[in-house]
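To start, the structure itself, in structure tokens.
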Amino acid sequence: MNRRMIPVLVILCVLPLAATAVAVLLFLPDVVPTHADFSGVDRWGAKYESFITGGIVTATCVLFSFMYAKAETLQRLGMIHGTGVRGARITLVGCMALVDVILLAYLIWAAVTGFNAFSG
């Protein structure tokens, strides 16, 4: 495993909870949308429920980091197909970044939607 990637993996794992904490403490209104479908928001909840989403994303990133560290073993076990260890690691880091971006987009959407729904 490339030791230079450890700080990147740590940042990608810590970012979801850190961003959620900053959003909850500084930006989100007290009531935010927690679920929506094509007809609009169908569930509202307390802003602290955002920590559930942040925790799930953090757990996902920790799992991806573990897979990154054990990529050689996963390949030996036949769990990496069609690409080498390098390709699997690039994919894992890309997936970690993607779920972080999706969480950030959710936090921004929740802030904007919550403020718009409950402002005079």
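Predicted model, so just to flag it, every value in this text is computed and none were measured.
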- Task: Answer yes if Leu92 and Leu77 sit in the same cluster of Ile, Leu, Val, Met, Phe, Trp and Tyr residues linked by side chain heavy atoms under 4.5 Å apart, and no otherwise.
- Result: yes
- Task: Could you check if a side-chain atom of Val93 sits within less than 4.5 angstrom of a side-chain atom of Leu9, using non-hydrogen atoms only?
- Result: yes
- Note on the structure: On a heavy-atom basis, the closest approach of Leu12 and Pro16 is O-CD, 3.3 Å
- Message: Run the side-chain contact (heavy atoms from CB on, under 4.5 Å) test against Val10 and tell me which residues pass, sequence neighbours left out.
- Response: Ile6, Val14
- Audit row: Tyr68, Val8, side-chain contact (heavy atoms from CB on, under 4.5 Å) steps and yes/no: CA-CA 12 Å; Tyr68 183 99; Val8 173; over 6 Å; no
- May I ask whether Ile52 and Leu63 are part of the same hydrophobic cluster, defined by side-chain heavy atoms of I, L, V, M, F, W, Y residues being less than 4.5 angstrom apart, directly or through others? no
- Query: So, for Gly84 and Gln75, which heavy atoms are closest and what is the spacing to 0.1 Å?
  - Reply: CA-NE2, 3.9 Å
- Query: Can you tell me how far CE of Met5 sits from CD1 of Ile11, rounded to the nearest 0.5 angstrom?
  - Reply: 10.0 Å
- Message: With side-chain contact (heavy atoms from CB on, under 4.5 Å) as the criterion, how do Leu103 and Val99 come out once you've worked through the C-alpha distance, each side chain's angles and the decisive distance to 0.1 Å?
- Response: CA-CA 6 Å; Leu103 175 71; Val99 295; over 6 Å; no
- Any sub-3.5 Å donor-acceptor pair from Lys47's side-chain atoms to Val24's backbone N or O? yes
- Query: Would you say Thr53 and Thr20 make side-chain contact, with heavy atoms under 4.5 Å?
  - Reply: no
Pair up each side-chain donor or acceptor in residues 54-61 with any protein partner under 3.5 Å, not counting sequence neighbours, and list the distances.
from, atom 1, to, atom 2, distance (Å)
Thr58, OG1, Gly54, O, 2.8
Thr60, OG1, Ile56, O, 2.9

- Task: Just say parallel, tilted or perpendicular for the rings of Tyr106 and Trp109, cut-offs at 30° and 60°.
- Result: tilted
- When rounded to the nearest 0.5 angstrom, what distance separates CE in Met67 from CE in Met79? 8.5 Å
- Across all chains, not counting sequence neighbours, the salt bridge (Lys or Arg N to Asp or Glu O under 4.0 Å) partners of Arg43 are Glu49
- Message: Please determine whether residues Tyr48 and Trp44 belong to a single hydrophobic cluster, defined as Ile, Leu, Val, Met, Phe, Trp and Tyr linked transitively by side-chain heavy-atom distances below 4.5 Å.
- Response: yes
- Under 6.0 Å from the CZ atom of Phe27, do we count more than 12 heavy atoms belonging to anything else shown? no
- Message: How close do His35 and Asp42 get, counting heavy atoms only, and between which atoms?
- Response: ND1-OD1, 2.7 Å
- Can you see which heavy atom on Phe64 is nearest to which on Cys95, and at what distance? CE1-CB, 3.6 Å
- Which atom pair, heavy atoms only, marks the closest approach of Ser65 to Met96? OG-CE, 3.3 Å
- Distance-minimising heavy-atom pair for Ala71 and Ile80: O-CD1, 3.3 Å
- Any Thr113 side-chain heavy atom under 4.5 Å of Val41 side chain: yes
